[in-house]
Amino acid sequence: MRLQNRIALITGAGKGIGLAIAKMFAKEGATCILTDIDESLGTLAASELGTPHCFQYLDVSIESDWKRVIEYTLKSFGRLDILVNNAGITGLEKGFGPQDPEHLSLEEWRKIHAINSDGVFLGCKHAISAMKQRRSGSIINISSRSGLVGIPEASAYAASKAAVRNHTKSVALYAQKQGYKIRANSLHPATILTPLWDSMLGTGKEREKNLQELTSHIPMKKMGTPEDVAFAAVYLASDEAKYVTGIELTIDGGILAAAGASPKKMKE
């Protein structure tokens, strides 16, 4: 029970990585406020976890939503100990246009940043105000491998996740400068098999072929699971990480450890 008696707020918790984190936090003793823009998924997820866990609607790009949810959390539970800024979109979902730097529209650039970047900024801003009352807390921002390297076909997503990475460090340093015992760290998952991949992988034989092609480029030769990210989130949320702030932790099967232009083995 590494998170016993902690109050945790998780965005985008209706499915995928957010849901996995909520489940693991609950298993470790935390009380979870699950938030999402999909009320049906969020409500179902919270009901599966049972009391005292609950669901609150939250559009992370709207500041008034953040104020309402933080106020609800403090009024209902008296404090906020952990915030996981997980909600995000890739820009590769159905209905979006090209995402490369030449053809990406300004409207879609702003929409992706409003959720991925503005949402994290607002979450950190209001979490700091709530957490500093107890002078303690852990903020975990879900960035991406794409926040560390360029992604030509998902340029807005990559830029937004790079913003998450850098802002996390600013938050970490600011909190310590102010004397708040608030830690802030970022997680950088890559090739984690979540519903976000469905539109990119396809179905049936096409999905199987695309999975084989994708995993062939991963040193561990497999995709990660949402639980792999949740394990890392539990660590950063717990007292085991009490001396850890401002870091970036990659969960990518070794992708970023590899060099694309590795020399071939020399003949003897």
Side-chain angles (χ1 to χ4, degrees), residues 1-14 16-36 45-46 49 52-56 58 60 66 69-70 73-74 76-88 119-120 122-144 147 164-165 167-169 171-176 180-189 192 194 224-251:
M1 306 295 281
R2 298 153 74 190
L3 304 178
Q4 185 71 42
N5 298 322
R6 308 289 175 87
I7 307 300
L9 173 60
I10 303 136
T11 70
I17 290 172
L19 178 56
I21 291 174
K23 287 181 176 180
M24 200 168 290
F25 276 17
K27 187 177 180 179
E28 292 290 343
T31 295
C32 298
I33 300 98
L34 289 73
T35 74
D36 208 293
L49 290 181
H53 314 289
C54 61
F55 169 77
Q56 285 285 297
L58 172 62
V60 297
W66 273 107
V69 172
I70 293 292
T73 301
L74 296 179
S76 301
F77 303 101
R79 66 186 190 279
L80 175 64
D81 300 305
I82 305 162
L83 169 66
V84 180
N85 280 311
N86 167 73
V120 168
L122 290 171
C124 291
K125 174 183 178 179
H126 292 287
I128 290 171
S129 296
M131 291 174 174
K132 73 179 183 181
Q133 298 173 23
R134 299 186 68 243
R135 303 181 70 83
S136 66
S138 175
I139 297 173
I140 302 166
N141 294 328
I142 308 299
S143 179
S144 168
V164 170
R165 170 186 178 267
H167 188 62
T168 302
K169 297 180 187 301
V171 171
L173 295 172
Y174 172 81
Q176 298 308 309
Y180 306 149
K181 293 181 180 178
I182 300 172
R183 299 178 295 104
N185 298 287
S186 59
L187 291 178
H188 296 255
I192 304 297
T194 69
T225 68
E227 289 71 27
D228 292 323
V229 185
F231 282 122
V234 168
Y235 164 67
L236 291 176
S238 74
D239 289 339
E240 295 164 18
K242 60 184 175 60
Y243 196 57
V244 177
T245 195
I247 73 159
E248 53 200 53
L249 177 57
T250 57
I251 308 154

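This structure is a prediction, so every number in the text was calculated from the model and none was measured. Computed from heavy atoms alone, side chains included, the values below leave out hydrogens, waters and symmetry copies.
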Taking side-chain hydrogen bond (donor to acceptor under 3.5 Å, both in side chains) as the definition, give me every residue that meets it alongside [X], ordered by chain and number, with sequence neighbours left out.
{"X": "His126", "value": "Glu63"}
{"X": "Ser186", "value": "His188"}
{"X": "Asp239", "value": "Arg6"}

Shortest non-hydrogen contact from [X] toward [Y]:
{"X": "Ala127", "Y": "Leu83", "result": "CB-CD2, 3.5 Å"}
{"X": "Cys32", "Y": "Ala22", "result": "SG-O, 3.6 Å"}
{"X": "Ile70", "Y": "Ala130", "result": "CG2-CB, 3.9 Å"}
{"X": "Ile247", "Y": "Lys169", "result": "C-NZ, 4.3 Å"}
{"X": "Gly18", "Y": "Ile10", "result": "O-CG2, 3.7 Å"}
{"X": "Asp36", "Y": "Phe55", "result": "N-CE1, 3.5 Å"}

Just do the side chain to side chain contact (heavy atoms under 4.5 Å, CB included) check on Asn141 and Cys124 with the steps written out, would you? CA-CA 9 Å; Asn141 294 328; Cys124 291; 3.6 Å; yes

I want to check something: taking the side chain as every heavy atom from C-beta on, are [X] and [Y] in contact at a cut-off of under 4.5 Å?
{"X": "Asn85", "Y": "Thr11", "result": "yes"}
{"X": "Phe77", "Y": "Leu9", "result": "no"}
{"X": "Asn5", "Y": "Asp81", "result": "no"}
{"X": "Asn185", "Y": "Leu249", "result": "no"}

Identify each donor-acceptor pair in which a side-chain atom of residues 225-238 lies under 3.5 Å from a protein atom, sequence neighbours left out, and give them as a table.
unit_1 : atom_1 : unit_2 : atom_2 : d
Thr225 : OG1    : Glu227 : N      : 3.4
Thr225 : OG1    : Glu227 : OE1    : 3.4
Thr225 : OG1    : Asp228 : N      : 3.3
Thr225 : OG1    : Asp228 : OD2    : 3.2
Asp228 : OD2    : Thr225 : N      : 2.8
Ser238 : OG     : Val234 : O      : 3.4
Ser238 : OG     : Tyr235 : O      : 2.9
Ser238 : OG     : Glu240 : N      : 3.2

If I take atom [atom1] from residue [X] and atom [atom2] from residue [Y], how far apart are they, to the nearest 0.5 angstrom?
{"X": "Ile128", "Y": "Leu80", "atom1": "CD1", "atom2": "CG", "result": "11.5 Å"}
{"X": "Thr245", "Y": "Leu173", "atom1": "OG1", "atom2": "CG", "result": "7.5 Å"}
{"X": "Gln56", "Y": "Ile33", "atom1": "CD", "atom2": "CD1", "result": "8.5 Å"}
{"X": "Met131", "Y": "Ile7", "atom1": "CE", "atom2": "CD1", "result": "11.0 Å"}

Qualifying residue, where the test is side-chain contact (heavy atoms from CB on, under 4.5 Å) with Thr35 and the options are Val84, Thr73, Val69, Asn86: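 Among Val84, Thr73, Val69, Asn86, the one that satisfies the side-chain contact (heavy atoms from CB on, under 4.5 Å) with Thr35 is Val69.
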
Could you give all pairs that pass the salt bridge (Lys or Arg N to Asp or Glu O under 4.0 Å) test and reach residues 21-32, with sequence neighbours left out?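 For residues 21-32: none.
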
Does the Gln176 side chain pair with the main chain of Val171, one donor and one acceptor, at a distance under 3.5 Å?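 Between the backbone of Val171 and the side chain of Gln176 there is no qualifying donor-acceptor contact (under 3.5 Å).
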
Side chain of Arg165, backbone of Glu248: donor and acceptor closer than 3.5 Å?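 Absent.
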
Kindly determine whether Val60 and Leu122 satisfy side chain to side chain contact (heavy atoms under 4.5 Å, CB included), including the steps that lead there. CA-CA 7 Å; Val60 297; Leu122 290 171; over 6 Å; no

Mind checking what makes side chain to side chain contact (heavy atoms under 4.5 Å, CB included) contact with Ser136, not counting sequence neighbours?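 Expected list: Arg134, Lys181.
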
Is there a side chain to side chain contact (heavy atoms under 4.5 Å, CB included) between Leu49 and Leu34? Walk through the geometry before answering. CA-CA 10 Å; Leu49 290 181; Leu34 289 73; 3.8 Å; yes

